[in-house]
Amino acid sequence: MDPAPYASKRKAKIIVILGPTAAGKSALALFLAQRFDGEIISADALQVYRGMDIGTSKPTQADREAIPHHLIDIATPDEPITLADWQRRAQVALTTIMQAGKLPILVGGTGLYISSILENYKLPASKPDASLRKALERHATTSLYGQLCKIDPQTATRIDEHNRRRLVRALEHAITTGSSFYENQKQRPTEFEFCIIGCNLPQDQLTERINERVIAMVLAGLEREVKSLVRRYSWRAHPLTAIGYKEWREYLMRRRKLAEVIVLIQRNTRRLAKRQMTWFKKLNRRHDIAWVHATADAIPFVRGFLKS
RNA sequence: GGCACGGUGGCCAAGUGGUAAGGCAUGGGUCUGCAAAACCCUUAUACGCGGGUUCGAUUCCCGCCCGUGCCU
């Protein structure tokens, strides 16, 4: 077999670009892809959905024609993509790209998704069970926690006991498999070598970019996009709870003004950026992340990584 | 100019004669099949200024300044 240039000898090499929203990840990825003959995999929980373009700052058609982008537009908003789906497809995309002799560049702001590749999560075997979840969700939070203490005490000691969603998932696993949820969370040694680039800006600059970007989205027709998604899928479609979408709900019922929508999206986006950074800081405790402000700063890291 | 109401931490806003709730914003954190989701924790030389009454005033009284509304 003819080894692809980046897949030869040792572990296969992957570039990872992470960072808060609006910091400039996509542009950096595009630049590096062009420079180092790469292809891009989007690690973004919402860019996977068709029709959610403006609100997710999806790469433009032109960019996508210039450089192949994977895991964008792979589903409609009424067929949710889960972590497991995404991880599976990302792994396929990675090998496809490497077999083509290209450099995979994983880019995104969804920390969980990135971690699932970086740390090679082996997800617990239990699949989501809609009817079980529905039944569990009828219980009070304390009761859910009580149940978990009984059937899976090990997980109960570590879980956030107020977080119903996590409680339901843990119970779902314990009930359907009879084994401990926590015990089934596995990380395996990864078969890849990563060059992790953190893309961020000083906080005041990031805030400014977020604010500007939200206004640009509105000018680009975000309201129209939201309306057409709602018409097609209704507000029940879970992806529409995303920032940039959910804020329009009250507006469309005439209970919120446009100016309020904008301020809300800006604020929620700011918070998102903070939470994203929390995740990345945690990741940074276990991995080296080269933090850069400017595109050019990333080049030496990548070059050194590819040579080593 | 007159009358009325108001001036409490970055913003909004309770409240009491014995130094002050809460919300928002901010900051930190959690996270293995909904993750742009769902959660947890959290800072603070805050009572417009000056005087008076009082053991003690943010709270009562007087004056001033500022804001808002109404009137002339």
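Not measured: the values here are computed from a predicted model. Protein chains get the first letters and strands the later ones, always in sequence-line order, with residue 1 at the start of each.
In this entry B/U16 has no Watson-Crick or G-U wobble partner, no candidate having both defining distances under 3.5 Å. Judged by Watson-Crick or G-U wobble contacts below 3.5 Å, the nucleotide B/C5 has B/G67 as its partner. The nucleotide B/A21 finds no pairing partner, because no Watson-Crick or G-U wobble arrangement with both distances shorter than 3.5 Å includes it. Across all strands shown, B/A46 has no partner, as no Watson-Crick or G-U wobble contact with both distances under 3.5 Å is found.
Within residues 244-264 of chain A, the residues approaching RNA chain B are A/Lys246, by heavy-atom distance under 4.0 Å.
For A/Glu137 against B/C34, a side-chain-to-base donor-acceptor contact under 3.5 Å is present. Between the side chain of A/Asp44 and the base of B/A36, at least one donor-acceptor pair of N or O atoms lies under 3.5 Å.
For A/Arg285, counting side-chain heavy atoms from C-beta on, the closest listed nucleotide (B/A35, B/G29, B/C31) is B/G29. You'll find that the side chain of A/Thr110 is closest to B/A36, out of B/G27, B/C31, B/A36.
For the P atoms, the distance linking B/C65 with B/C49 amounts to 16 Å, nearest Å. When the C1' atom is used for both B/A46 and B/U54, the distance is 25 Å, rounded to whole Å.
A distance-only check finds a donor-acceptor pair linking the side chain of A/Asn120 to the backbone of A/Pro189 [under 3.5 Å]. Side-chain atoms of A/Tyr233 do not come within 3.5 Å of backbone N or O of A/His238 as any donor-acceptor pair. Of the possible donor and acceptor atoms, one in the side chain of A/His69 sits under 3.5 Å from a partner among the backbone N and O of A/Ile67. Here the side chain of A/Glu260 pairs a donor or acceptor atom with the backbone of A/Lys257 at under 3.5 angstrom.
In this structure, NZ of A/Lys281 is placed 15 Å from C1' of B/C31, rounded to the nearest angstrom. Rounded to an integer number of Å, the gap from A/Gln266 CD to B/U26 P is 12 Å. For the pair A/Ile159 CD1 and B/C40 P, the interatomic distance rounds to 13 Å; values are reported in whole Å. Rounded to whole Å, atom P of B/A38 lies 13 Å from atom CG of A/Asp160. For the pair A/Arg267 CZ and B/G23 C1', the computed distance is 12 Å after rounding to whole Å. Straight-line distance from the CD atom of A/Gln87 to the P atom of B/C34: 13 Å, rounded to whole Å. What separates CG of A/Leu83 from P of B/A36 is a distance of 11 Å, to the nearest Å. Atom NZ in A/Lys274 sits roughly 15 Å away from atom C1' in B/A38 (whole-Å rounding).
Residues A/Asn268 and A/Arg169 each lie close to RNA chain B; by heavy-atom proximity, the contact nearer the 5' end of the strand is made by A/Asn268. Looking at which nucleotide of RNA chain B each of A/Glu161 and A/Ala242 is closest to, the 5′-most match is held by A/Ala242.
A/Glu172 has a carboxylate O that lies under 4.0 Å from a charged side-chain N of A/Arg169, or vice versa, which qualifies the two as a salt bridge. The pair A/Arg64-A/Asp73 counts as a salt bridge, with a side-chain nitrogen and a carboxylate oxygen less than 4.0 angstrom apart.
As judged by a 4.0 angstrom heavy-atom cut-off over every strand, A/Pro80 is placed among residues making no nucleic acid contact. Residue contacts for A/Thr269: at a heavy-atom cut-off of 4.0 Å it reaches no nucleic acid atom on any strand shown. Within 4.0 Å of A/Thr56, counting heavy atoms only, lies at least one base atom of the nucleic acid. Using a 4.0 Å heavy-atom distance criterion, A/Gln187 is classed as a base contact. Backbone-only engagement by A/Arg270 is indicated by non-hydrogen atom pairs under 4.0 Å involving sugar-phosphate atoms exclusively. The residue A/Leu46 sits close to a base: some heavy atom pair falls under 4.0 Å. Across all strands, A/Trp86 comes closer than 4.0 Å to no nucleic acid atom at all (heavy-atom distances). Across all strands, A/Tyr113 comes closer than 4.0 Å only to sugar-phosphate atoms, never to a base (heavy-atom distances).
Following chains of ILVMFWY side-chain contacts shorter than 4.5 Å, one can reach A/Val16 starting from A/Tyr121, so the two form part of one hydrophobic cluster.
Counting heavy-atom neighbours within 6.0 Å of A/Asp288 CG, excluding the residue itself, gives a total of 12 or less. Within 6.0 Å of atom OH in A/Tyr182, 12 or fewer heavy atoms from other residues, nucleotides or ligands are found, so the atom counts as exposed in its surroundings. Heavy atoms from other residues, nucleotides or ligands lying under 6.0 Å from CZ of A/Arg236 number 12 at most. More than 12 heavy atoms of other shown residues, nucleotides or ligands fall within 6.0 angstrom of atom CZ in A/Arg188.
The only member of A/Arg209, A/Gln276, A/Arg213 that meets side chain to side chain donor-acceptor pair (under 3.5 Å) when paired with A/Thr21 is A/Arg213.
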Sub-3.5 Å pairs of nitrogen or oxygen atoms, protein against nucleotides 41-44 of chain B:
none

